[in-house]
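I have placed the structure first, in the form of structure tokens, so that the comments after it can refer back to it.
First listed ligand is number 1; within each ligand, the first listed atom is number 1.
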Amino acid sequence: MRFKTRNARVIPHFYSILYAIFLVPFTVTFRMTLRFDFSIKSALVLLVAICIMPASLIAFALLSYDYLRARDAQIDSSVMTARTIAYSVDKEFSSIETTLRALATSPSLSKKDLPAFYAQMSEIQSSGFMQNLVLSTLQGKQLLNSGLPFGERPPISDRTNLRLLDETNGPVISGLIKDTISNQALIAVSIPVRRAGKHIYNLSAYISPNQLARLLKQQQLAPDWIVAIIDSQSTIVARTHDMSRFSGKQASADLLDAMKFDNQGWFEGTTSEGTQVLGMFSRSAVSNWSVAIGIPSASLTGEMRKKVGWLALAIMVLLLSSIGVASFVATRIALPVRGLRAPALALGQGKDVVIPSLRLKEAKEVGAALRQASLMLQAAQHQATHDVLTGLPNRALFNDLVSRQIAISALAGTQFSVLYIDLDGFKPVNDIHGHAAGDAILCEVAQRLRSEVRDSDMSARFGGDEFAVILIGTPGKTAAKIANTLIRSVSEPYNFKGEAVRISASIGVASYPESGAVEHELLRMADLAMYQAKDAGKGQVVCASASGLHLSA
Ligand SMILES: Nc1nc2c(ncn2[C@@H]2O[C@H](COP(=O)(O)OP(=O)(O)OP(=O)(O)O)[C@@H](O)[C@H]2O)c(=O)[nH]1
């Protein structure tokens with residue numbers, strides 16, 4: 001037998017709840033990730049929360065489901081218990097009826113031998129099972145009462161069951177009746193005594209409600225369960241708790257409401273003393289008496305509350321420890337990633353990229369890529385500003401240096417000179433010894449020029465067989481002397497595959513500020529001077545001064 005319970009209403013929604021548990025957080029998170037920038041830490045913490053929260057909610061849902069199932073089982077078994085107790089009550093009444101029916105057939109009664117019949121009644125009463133037995137007329141006048149000495153009668157007639165006994169063959173069970181002899185509330189079980197089909201007497205047995213309370217005790221019910229036996233008039237007859245207080249009172253309103261339409265079932269409400277209970281009841285179809293069981297809600301949900309408490313604690317610990325681990329991992333990831341900021345900025349500024357110690361594989365890979373990019377950038381920059389063959393600075397870098405030096409010298413009031421160098425007789429080297437020989441000699445020329453000037457000066461190759469030198473802080477005269485030194489150096493023979501190769505150089509000298517105050521003017525003057533040196537027969541030095549171009553001795 002199943003009862004309609006809350007659980008039954010919950011189960012159809014169970015899968016929708018699970019669906020919502022998973023769908024809602026994931027949708028929210030997905031939208032958040034689209035909208036906001038996350039730090040590694042917040043992303044990991046969020047991830048942990050997303051992983052743990054649905055599992056936690058499922059655990060709570062399963063716990064609730066488990067509780068509802070357990071409550072269902074409790075309801076079913078408690079209704080069965082109520083039915084069993086109601087059956088025991090019926091059996092009690094049935095046993096009394098059997099005794100009464102046997103007594104009603106007594107030959108003493110047929111012979112109207114009332115003393116002998118009284119003796120029989122007394123004997124049954126002395127068994128202790130019944131409070132007393134009464135033989136009365138159809139009008140309710142007591143003829144014999146086993147609770148009184150033979151011949152004595154109570155002052156008031158009991159007419160409780162008379163009308164019913166007239167209509168039925170019994171037994172008729174009264175509610176609680178005030179016994180005029182013992183002054184106790186008792187229950188009367190009455191049958192009609194018939195002879196030749198004629199109703200001649202009524203025979204009743206009175207039992208105490210304690211007799212029924214004993215039945216409750218025999219059931220070994222949980223001590224906090226409040227169990228009551230209720231008569232057909234909804235009056236509490238016996239009870240496990242506070243019987244003296246509630247016996248003879250109406251059952252609680254909640255129980256009466258629940259019993260209005262069903263013979264058995266359950267309800268949630270309060271008992272007569274106001275305890276919140278989960279109540280189960282069963283009404284006997286034979287006697288119309290009921291048994292109600294009230295399980296205090298506190299004891300029913302106590303275990304559930306304990307489990308929920310432990311689960312909440314476990315989830316809290318899991319969540320906090322996971323967030324702690326996530327934070328630690330996030331820091332381990334974020335530190336190396338942040339450590340790449342400085343190298344990236346250095347790369348952008350064209351500075352040396354120094355990769356710090358990064359304890360993360362991916363960050364190390366990015367660091368290595370930054371270093372590689374830095375080297376490639378440096379190589380590209382070198383290529384853009386240097387001559388590929390000789391490695392000397394090219395014209396662009398040289399011009400740039402001249403511009404800067406003009407600015408510096410203008411401020412400092414110093415001088416410097418620029419030498420334009422064009423090799424003499426270089427073409428025949430290519431023609432006679434080949435292009436490779438020409439290349440080797442160009443490199444050697446570069447080397448000689450570099451070695452003849454200071455580190456603070458700079459030699460450059462402009463292309464072909466054209467070179468240039470800037471001499472920092474050097475006035476024109478000194479520059480002319482150095483130019484002659486350079487011609488001597490360049491004119492030294494070159495050894496190419498055992499052969500001595502000879503070339504020379506023509507040099508034009510221009511000095512700042514004498515020959516020009518701006519870069520292009522200064523360089524143009526050096527160029528003109530160099531052509532003048534060529535025209536003067538090569539292997540010469542010509543200086544450009546304010547007064548014109550002069551051959552240097
Ligand atoms: N091997 C080699 N030769 C080059 C390179 N660049 C230019 N040349 C050659 O250098 C020569 C320069 O020409 P010129 O300056 O007229 O030759 P030159 O014999 O020095 O002439 P003068 O200056 O009048 O003495 C040309 O033959 C170019 O082909 C280079 O990178 N390597």
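- Panel note: side chain S511, backbone G476; a donor-acceptor pair is recorded below 3.5 Å.
- The protein residues lying under 4.0 angstrom from ligand 1, judged by non-hydrogen atoms, are D422, L423, D424, G425, F426, K427, P428, N430, H435, G438, D439, L442, R461, G464, D465, K534, K538.
- A 6.0 Å sphere centred on OH of Y87 holds no more than 12 heavy atoms belonging to other residues, nucleotides or ligands.
- With sequence neighbours left out, the salt bridge (charged side-chain N to carboxylate O under 4.0 Å, His left out) criterion links R450 to no other residue.
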Give every donor-acceptor pair under 3.5 Å between a side-chain atom in residues 342-365 and any protein atom, sequence neighbours left out.
residue	atom	partner	partner atom	Å
Q349	OE1	K351	NZ	3.1
D352	OD1	Q378	NE2	3.0

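- Relative ring orientation between F416 and Y512 is described as parallel, the plane-to-plane angle staying below 30° on a 0-90° scale split at 30° and 60°.
- Pairs passing the side-chain hydrogen bond (donor to acceptor under 3.5 Å, both in side chains) check and including a residue from residues 471-482, sequence neighbours excluded, read R454-T474.
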